[in-house]
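In this text, all values refer to a predicted model and were calculated from it rather than measured experimentally. The chains referred to below are lettered A, B, ... by the order of the sequence lines, with proteins before strands, and numbering in each begins at 1.
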There are 2 protein chains.
Amino acid sequence: MANKHVKEMEALREHLGKHQLKLTRQRELILSAFLRQEHITAEAMYHQLAKSDPHLGLATIYRTLNLFCDAGLAQARHFGSQTKYDNVSHKGHHDHLICTGCEKIVEFENEEIERLQEEVATQNGFTIKTHRLELYGLCSRCRH
Amino acid sequence: MANKHVKEMEALREHLGKHQLKLTRQRELILSAFLRQEHITAEAMYHQLAKSDPHLGLATIYRTLNLFCDAGLAQARHFGSQTKYDNVSHKGHHDHLICTGCEKIVEFENEEIERLQEEVATQNGFTIKTHRLELYGLCSRCRH
DNA sequence: ATCATTTTGAGAGAGTTTATCAATTTCAAT
DNA sequence: ATTGAAATTGATAAACTCTCTCAAAATGAT
Ligand SMILES: [Mn+2]
Ligand SMILES: [Mn+2]
Ligand SMILES: [Zn+2]
Ligand SMILES: [Zn+2]
């Protein structure tokens, strides 16, 4: 699996180049761990990486995840009360279904909803820049 | 205006009665101030009330607004990074359009979107308990 | 290899919300 | 009206999450 995540690595490299930032051991390490996740908190990332690299600082995790957001590889999302970084490197816009029982997160896209959002915005004289749609409930397993 | 907000006052009284809680001067005061707002932060509430009652504690504001949430008079909502308490005493479910230029908040309801949300949930085996839909953008005034 | 520039790690600090606890207030029962 | 158990308050400490600071280390263009 030596050439896994090469595309994302290249995207990071490109962002770094454009902003006179440097490619560090930590940035590579955090990126490869991050790309194995779908949605993860900075704290969880910190504990996970601490196993192999106990001296990695929490501030570095935050800084780096925020850097990934700037580079378009991640998006910070506030689910409930916790902030999770969404691995968006290999996907486009999507919204979320969140199980309050087991924390499971399902991603979805619905063009009709997106269209109706635009309609609502237009009716009120708004131009939408971003939006957030989260459906909270119980998944089929947790319902029983 | 002596009989303004009597219905909400009664709803609070009912909630207090059911949970062996007491009606205090502070709770009456905070409720009447809260009902004059649409969406307000705890901090803003604190500063506003400090003018007439400088000894009201911030913890009491938080405790009381959370009590209003339990009583169904308020709902805590996380807009962007700040938490606002939404005065829902006289309205049903609704979602929000938020101007990132001037902070203006417009409430809306769209049955079609609600229906499609249910559809998405069903398709994924979920039962929705709550949801959050926020559209961020610029209002007509801020666009120019 | 040099060295200006960027990054890191550790801890301090900021912002927001909750917990603690002695003093005060409420309210149901006299 | 008085009493007294229980709830509430205000001040402040604490918790939590995230950002800032800064000396030391790493990076990468030359
Ligand atoms: Mn996602
Ligand atoms: Mn509202
Ligand atoms: Zn579940
Ligand atoms: Zn505006």
What is the separation between atom [atom1] on [X] and atom [atom2] on [N], rounded to the nearest whole Å?
{"X": "Lys18(A)", "N": "dG28(D)", "atom1": "NZ", "atom2": "P", "answer": "18 Å"}
{"X": "Leu16(B)", "N": "dA6(D)", "atom1": "CG", "atom2": "P", "answer": "19 Å"}
{"X": "Gln26(A)", "N": "dT8(C)", "atom1": "CD", "atom2": "P", "answer": "5 Å"}
{"X": "Glu28(B)", "N": "dT26(C)", "atom1": "CD", "atom2": "C1'", "answer": "12 Å"}
{"X": "Ile61(A)", "N": "dT8(C)", "atom1": "CD1", "atom2": "P", "answer": "10 Å"}
{"X": "Gln20(B)", "N": "dA7(D)", "atom1": "CD", "atom2": "P", "answer": "6 Å"}

Nucleotide N/O of nucleotides 1-4 of chain C paired with protein N/O under 3.5 Å:
none

Hey, are the side chains of [X] and [Y] touching, using non-hydrogen atoms and a 4.5 Å cut-off?
{"X": "Leu133(A)", "Y": "Asn110(A)", "answer": "no"}
{"X": "Leu58(A)", "Y": "Glu43(A)", "answer": "yes"}
{"X": "Glu114(B)", "Y": "His131(B)", "answer": "yes"}
{"X": "Leu138(B)", "Y": "Thr100(B)", "answer": "yes"}

[X] side chain near [N] phosphate (N/O to OP1/OP2, under 4.0 Å):
{"X": "Arg27(A)", "N": "dT7(C)", "answer": "yes"}
{"X": "Thr24(A)", "N": "dT8(C)", "answer": "yes"}
{"X": "Tyr62(A)", "N": "dT19(D)", "answer": "no"}

Quiz prompt | Full working for side-chain contact (heavy atoms from CB on, under 4.5 Å) between Asp86(A) and His96(A) | solution = CA-CA 11 Å; Asp86(A) 193 341; His96(A) 299 88; 3.2 Å; yes
Self-check item: Where at least one partner belongs to residues 57-72 of chain B, residue pairs that pass side chain to side chain donor-acceptor pair (under 3.5 Å), sequence neighbours excluded
Solution: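 Non-adjacent pairs meeting side chain to side chain donor-acceptor pair (under 3.5 Å): Thr60(B)-Arg63(B), Asn66(B)-Tyr85(B).
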Practice problem: Count the heavy atoms of every other residue, nucleotide or ligand shown that sit under 6.0 Å from NE2 of His93(A), and state whether that count exceeds 12. | Solution: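 Yes, the 6.0 Å shell around NE2 holds more than 12 heavy atoms from other groups.
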Quiz item: Would Met9(A) and Leu35(A) satisfy side-chain contact (heavy atoms from CB on, under 4.5 Å), going step by step from the backbone distance to the final call?
Solution: CA-CA 10 Å; Met9(A) 192 64 220; Leu35(A) 292 175; over 6 Å; no
Exercise. Look at all strands and tell whether Glu43(A) reaches a base, only sugar-phosphate, or nothing, counting heavy atoms closer than 4.0 Å.
Key: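 Answer is nothing: Glu43(A) stays at 4.0 Å or more from every strand.
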Quiz item: Taking DNA chain D as the partner, which of residues 65-88 of chain A come within under 4.0 angstrom of it by heavy atom?
Solution: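 DNA chain D contact set from residues 65-88 of chain A: Asn66(A), Thr83(A).
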Quiz prompt | Cationic N near anionic O, under 4.0 Å, Glu107(B) to Lys91(B) | solution =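 Here Glu107(B) pairs with Lys91(B) in a salt bridge, since their nearest N and O are under 4.0 Å apart.
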Practice problem: Would you mind checking if Glu119(A) and Arg115(A) are paired as a salt bridge, meaning a charged N to carboxylate O distance below 4.0 Å? | Solution: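 Yes, this pair counts.
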Exercise. Using five pairs at either end of the helix from dA1(C)-dT30(D) to dT30(C)-dA1(D), determine the angle between the two local helix axes and round it to 10 degrees.
Key: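 Comparing the axis at each end, I get an angle of 30°.
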Practice problem: Starting from the 5' end of DNA chain D, give me the residue, His19(B) or Asp53(B), whose nearest nucleotide shows up first. | Solution: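 Counting from the 5' end, the first nearest nucleotide belongs to His19(B).
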Practice problem: State yes or no: do Val88(B) and Met45(B) share one hydrophobic cluster built from I, L, V, M, F, W and Y residues joined by side-chain heavy-atom distances below 4.5 Å, directly or via other members? | Solution: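 No, no single cluster joins them.
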Practice problem: Give me the other members of the hydrophobic cluster that Ile98(A) sits in, counting Ile, Leu, Val, Met, Phe, Trp and Tyr linked by side-chain heavy atoms under 4.5 Å, directly or via other members. | Solution: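 Its cluster partners, ordered by chain and number, are Phe79(A), Ile105(A), Tyr136(A).
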Using the 3.5 Å cut-off, write out each protein N or O paired with an N or O of nucleotides 11-14 of chain D and the distance between them.
| from | atom 1 | to | atom 2 | distance (Å) |
| --- | --- | --- | --- | --- |
| dA11(D) | OP1 | His55(B) | ND1 | 3.4 |

